[in-house]
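For reference, the structure is listed below as structure tokens.
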Amino acid sequence: MVLGFVQFGPVFGEKEQNFRVVEKLLTGCKADLIVLPELFATGYAFQSKKEAASLSEVHCEETSLFLKHIAGICNATVVGGFIERENTELYNSAMMVDATGIIGIYRKLHLFNKEKLWFSPGNRVPAVYTVKGVSIGMMICFDWIFPETCRTLALAGAQVIAHPANLVLPWAQQAMITRCLENRVFAVTANRIGREQRGEDDFTFTGQSQVTGVRGEVLALADDNAPCVLMAGIDPKQASDKSVNPYNDLFADRRNNFYSL
Ligand code: ACM
């Protein structure tokens, strides 16, 4: 299976322009799974819930149509972040889409910083979806610092974690090595680059998007400030066997009597 990511710097509020940049970066690329950053079409530094709402979508609007288009061109399943609206609530969500339409949506469980002012925290158990026989789960950005997120997906059978991100702290790429090692899963962290200065906010995003292997190997790593598409070939079966040696198994050795999750 070929996993890939798109790293670029979205322009705040310019969905069409951001779609065109992603489309151009992906020209000629084929993969099984392509992950785009968190909120890849809208930008990040919202100044009010009203502003975030003005860029929000219900399920089958322009971002899902764009991802469906990209999925068709790249013969891939595509995951990307968007602002999901349900009644008066907004969620920082990611959708998984193929050429036939939406496969699933994940609502970010752990909101970062002022996201708490605009978004409601995710209210659904993270699900795992089957793509070409491979189990894939989604988490978003700051979910990395809560090991329960990745563990929950891995316990639900995920072999690959799609991880759209707008990272500003310096530790996530390293932490994803541990997330993959402790759960024996693959992960695709698709981060954005660039700087957003809006109102009193000033965010510099860290790039260094990464495909991480089940032994913590970095299989693909982007620069900290250059747009790019990178891919890595993996054998998803490596994520199915959790044994460490004849005596140890990452999941069977868990001591559930003494902790939950
Ligand atoms: C983040 O969760 N966007 C840092």
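In listed order, ligands and their atoms are each counted from 1. Source: prediction; values computed, not measured. Atoms considered below: every heavy atom in the structure, side chains included; atoms not considered: hydrogens, waters and symmetry mates. We count residues from 1, following the sequence as given.
Side-chain atoms of Ser243 and Asp241 form a donor-acceptor pair, as typed in the model, at a separation below 3.5 Å. Side-chain atoms of Gln173 and Thr206 include a donor-acceptor pair closer than 3.5 Å.
Residues lining ligand 1 at a heavy-atom distance below 4.0 Å are given as Glu38, Tyr44, Lys108, Phe112, Glu115, Cys141, Phe142, Asn166, ordered by chain and residue number.
Not counting sequence neighbours, Leu65 has no partner by the side-chain contact (heavy atoms from CB on, under 4.5 Å) test. The side-chain contact (heavy atoms from CB on, under 4.5 Å) search around Val128 returns Ser135, Leu153, Ala156, Ala158, not counting sequence neighbours.
Other residues sharing the hydrophobic cluster of Leu181, ordered by chain and number and joined by side-chain separations under 4.5 Å: none, the residue standing alone.
By the 6.0 Å contact criterion, NZ on Lys237 is open, its count of non-hydrogen atoms from other residues, nucleotides or ligands being 12 or less.
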